[in-house]
Student: 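Quick one: the structure is below, questions incoming.
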Amino acid sequence: MKQSKNQSTIEDDRTGESVATLTRAIADNMFYVQGKFPATATENDDYLAVAYTVRDRLLRRWIDTTEAYIKNDARLVCYLSAEFLLGPHLHNNLINLGLVEPMRKAVDSYGKKLDDIIEQEGEPGLGNGGLGRLAACYIDSLASLQIPAIGYGIRYEYGIFGQQIKDGWQVETTDKWLNLGNPWELHRPERTYEVKYGGHTESQQDEQGNFSVRWIPNHAVMGVAYDTPILGYKVNNTNILRLWSAQASESFDFQDFNAGDYMGAVRDKMDSENITKVLYPNDEHEQGKRLRLQQQYFFVSCSLQDMIFIQLELANDTLDNFHKRFAGQLNDTHPSIAIAELMRLLVDEHDMSWDQAWDITRHTFAYTNHTLLPEALETWSLPLFKSVLPRHLEIIYEINRHFLKQVKERYPDDNERLARMSLIDETGEKSVRMANLACVGSHAVNGVAELHTELLTATVLNDFYDFSPEKFSNKTNGVTPRRWIVLSNPRLTALITEKIGKSWITDLSQLKQLEAFADDAKFIARWHQVKLQNKQEQAAFAFNQTGVELNPESLFDVQVKRLHEYKRQLLNVLHIITLYNRIKSDPSIDIVPRTFVFGGKAAPSYFMAKLIIKLINSVADRVNNDADVAGRLKVVFIPNFNVKLGHRVYPMADLSEQISTAGLEASGTGNMKFSMNGALTIGTLDGANIEIREEVGKENFFLFGLTAQEVADLKEQGYNPRDYYDNNAVLKLVLDQIREGYFSKGDANLFMPLVDELLNHDQYLLLADYQSYIDAQDKVSETWRNQDLWTRMSILNVARMGKFSSDRAMQEYCEDIWKVKPISVASAK
Ligand code: 376
């Protein structure tokens, strides 16, 4: 605030928060940043002018935050993740600044609508699904909790592919998310680091007899920082998300130019810049592996060099204290090469002894595992690894030598254990085991839900758990209530806040207070009304997108998540066909009207997942257009499910489908988003479902299916899916219909692979769980018939979701693993 001579206050155009100032600031940015008058502005210009106006208000807080952290000699969390699935920033930042309403008025004065401007923003889809979105929720919570933190990752030029549905099939498009400009990032060319690849190593000895290794790479790439401010909710703390972009290194590769090969040099330049070109969908192919390893090393090396710069130059400290400054979290094994890279930087480049470097490295890192699926455990073939990172392979051998020596001391005659725990898999084609590296090089290892951690320590990481049980802990996932309730469900937010005040937004356990209203008829009616309005709004949207008309009075039964056989979207389809057959055999049957909503991407090379999408759309075609059904059942597949669509989908759901085979979904986080928005869950005892059910009460949760133990036992005994087919006429009919082409216009070949898998393998035990699922669904329908009971259960679900805030999860990491404390930032503004 500046005081003018006549004492009236004049707000600065870049920091002021009044409607008049915001209005002026938008005009200013439109002219001076976009170079436009409002009359010639496109919708994107409008969005950018508003976005820059918001960004201006983050920058002062950002600079103040950096200053406060340096002044307080802060300990910093560095969250290393190959994915951050952020979603759009504008609305979130407005909420965190407390400026939604003033900005709405400012935009109104231009004759525009804030909601349209918010809708204009695309999303940085820099992640595949759960793991990437978790990282985004966590950096939101860290800022809101005033924890000094940096998110380090990759600035992919193309994010997760776009999905279109053509003739029922998934068709992929490229995601050029930067094309319309990204107002939220700041290019920091001064933060550029060199990342080396390939070549060979040479060892040498100095006059004192000290042994050292020199890495002579054959290629280098530059990593340039792009920073995005991450503001906490109603605090000044503004942390950094620092994403690295690859740039060709002139000095290294333009040697070709000297030799007269200009085009060759340009080709090398293009190859270098390929490193951060595209996010890998989670379906590893052999051809992509080299680039993926290069990507992982690229962002890890840049991040660690940056941390060393911070330690030496900004904090004026020494590397002896590196682990006291930084808590590095490895989001799955994707960044686990950090363990070898920090060793290399300390030993080779900063002349530290091996033992001290190892001590620092182990105290720096902690590792989170996100999956038990064997195919998802990362390994790199030795020849590939050696050709990309020859020095790191030597370091990994050395770490392995020290480590296996300790294992041998503890278990002298157990060579099998030694072989299992080795960082190198020597069976078959030799490879480096990244999960083993992550365990050995970390002081803490965690799973993401109670059951997952139990299974992790009992199976995949059992040897490491035996060896150092004190390292292991559970940290059940959470999601941010700012984005997943306040931003996406304004009606519910208003109703809750009217009753219990605002404190729940930063302390989700406060939702407990809603229990007092669960039997209040007026409140029940209003709660019901909120859900109905959400459904009406989204029914209109879905009609727009798919041409299918939805009945907002029907039960909205929703499954949105990546397509994978273990998530069992196919089981959901078997239920839909079962209901359809009930209607066909008695068209006058009294059946609860249901709308089945699906959304999710299949990895481009995952044939079965893509075929399931085609089946969903084929069943939709038949069911939606059958006169006997008379609109009582509707099936829609919403294309291109992403964060933005999540904002629409979770608040409109009545029923949340969390139906994975028990033991396979590490946690799930969609399950939390649904329940927080008042959907009831039908689910297995898997991942965080178990804890959700514990919290909301078993009477408020529709449970079905085998337990993880029963799944394991059944597989052990020898599971025969045909027994279920032969003994269940209803199930048999459903499978026969799919097989005989009932949903594919007589084409009996189309869905054969699905039926074949179910009858002959059924890896994910759909047939074993079928009847239990149908029974639970019938119970869902019966409950729905009593709308007041349903609404009461919905209220109790929301009231008891406090545990699943990412604020709670982050607090646990801070206390148990990172040992970091909040630093509050007073802004000079
Ligand atoms: C990959 C998964 C499998 C293979 C390769 C991958 C590469 C990148 C990202 C992947 N994604 C995940 O592993 C993932 O999203 N895991 C999910 O993590 C969530 C957060 O902890 C959990 O809630 C989900 O249960 C888990 O599936």
Side-chain angles (χ1 to χ4, degrees), residues 79-85 125-138 153-154 156 159-161 278-285 288-289 291-293 295-296 299 329-336 367-380 434-435 438 445-453 455-456 460 474-480 484 560-568 600-606 609 641 643 658-675 683-684 686-692 708 804 806 809-810 813:
Y79 200 86
L80 273 69
S81 179
E83 305 190 2
F84 286 91
L85 187 43
L126 308 185
N128 272 287
L131 168 149
R133 181 56 232 176
L134 188 77
C137 283
Y138 281 179
I154 302 177
Y156 302 104
I160 184 74
F161 63 88
V278 61
L279 166 73
Y280 273 90
N282 51 10
D283 60 345
E284 307 258 309
H285 315 253
K289 280 217 147 195
L291 193 56
R292 171 108 173 132
L293 179 59
Q295 273 187 348
Q296 294 184 354
F299 97 89
Q329 191 67 26
L330 306 174
N331 198 23
D332 215 292
T333 53
H334 316 150
S336 58
Y367 156 56
T368 307
N369 173 288
H370 294 268
T371 178
L372 298 164
L373 293 184
E375 66 267 28
L377 289 180
E378 271 190 315
T379 60
W380 302 106
M434 300 312 268
V445 179
N446 74 283
V448 291
E450 277 167 19
L451 175 69
H452 172 235
T453 302
L455 294 173
L456 199 61
V460 185
N474 174 245
K475 295 286 170 282
T476 299
N477 284 166
V479 302
T480 171
W484 297 113
V560 288
K561 48 179 80 247
R562 285 297 290 258
L563 260 291
H564 199 292
E565 287 165 284
Y566 86 79
K567 295 177 188 278
R568 301 201 295 192
K601 296 176 185 180
S605 67
Y606 191 170
F641 183 69
V643 174
Q658 305 301 334
I659 61 178
S660 52
T661 316
L664 296 182
E665 189 67 271
S667 162
T669 44
N671 46 5
M672 301 166 187
K673 294 166 198 165
F674 277 112
S675 190
T684 48
D686 200 14
N689 295 353
I690 298 173
E691 291 158 73
I692 291 175
F804 303 99
S806 44
M810 282 294 90
Y813 280 85

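Everything quoted here is computed from the prediction, not taken from an experiment. Counting convention: from 1, in listed order, for ligands and their atoms alike. Just the heavy atoms: all of them, side chains too, but no hydrogens, waters or symmetry mates, feed the values below.
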Student: Evaluate Ala376 for polar contact with ligand 1, using N/O atom pairs at a separation under 3.5 Å.
Tutor: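 Ala376 vs ligand 1: no N/O contact under 3.5 Å.
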Student: With a 4.0 Å heavy-atom cut-off (strictly under), which part of Lys475 contacts ligand 1: side chain, backbone, both or neither?
Tutor: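 For Lys475, there is no contact with ligand 1 at all, from either part.
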Student: Can you find an N/O atom of His370 closer than 3.5 Å to an N/O atom of ligand 1?
Tutor: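 His370 vs ligand 1: N/O contact under 3.5 Å present.
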Student: Ligand 1 and Lys567, any nitrogen or oxygen pair closer than 3.5 angstrom?
Tutor: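 So ligand 1 has no N or O lying under 3.5 Å from an N or O of Lys567.
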Student: Looking at ligand 1, does any of its N/O atoms fall within less than 3.5 Å of an N/O of Asn477?
Tutor: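 Yes.
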Student: Output yes when the distance from some N or O of ligand 1 to some N or O of Leu131 is under 3.5 Å, and no in every other case.
Tutor: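 Looking only at distances, the answer is yes, because the N/O contact criterion of under 3.5 Å is met.
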Student: Considering both backbone and side-chain atoms of Glu665, is one of its nitrogen or oxygen atoms within less than 3.5 Å of a nitrogen or oxygen in ligand 1?
Tutor: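 The answer is yes, given that Glu665 and ligand 1 share an N or O pair closer than 3.5 Å.
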Student: Would you indicate whether the side-chain heavy atoms of Leu85 and Leu126 approach each other to under 4.5 Å?
Tutor: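 Of all side-chain heavy-atom pairs linking Leu85 with Leu126, none is under 4.5 Å.
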Student: Does ligand 1 have a heavy atom under 4.0 Å from the side chain of Arg562, from its backbone, from both, or from neither?
Tutor: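 For Arg562, no heavy atom sits under 4.0 Å from ligand 1.
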Student: Relative to the heavy atoms of Gly130, which atoms of ligand 1 are at a distance of less than 4.0 Å?
Tutor: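 The atoms of ligand 1 under 4.0 Å from a heavy atom of Gly130 are 15 (O), 18 (O), 19 (C), 20 (C).
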Student: Tell me, please, which residues at least two apart from Tyr138 pass ring-ring contact (aromatic ring centres under 6.0 Å, His included).
Tutor: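 Applying ring-ring contact (aromatic ring centres under 6.0 Å, His included) to Tyr138 gives Tyr813.
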Student: Restricting to side chain to side chain donor-acceptor pair (under 3.5 Å), what partner residues turn up for Gln329, sequence neighbours left out?
Tutor: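 Partners of Gln329 under the side chain to side chain donor-acceptor pair (under 3.5 Å) test: Thr368, Trp818.
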Student: Answer side chain, backbone, both or neither: which part of Tyr566 comes under 4.0 Å from ligand 1, heavy atoms only.
Tutor: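 For Tyr566, only side-chain atoms sit under 4.0 Å from ligand 1.
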Student: Near Arg292, which atoms of ligand 1 are under 4.0 Å from a heavy atom of that residue?
Tutor: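 Those qualifying, in numeric order: 7 (C), 8 (C).
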Student: Any side-chain heavy atom of Asn446 within less than 4.5 Å of one from Thr453?
Tutor: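 Not in contact.
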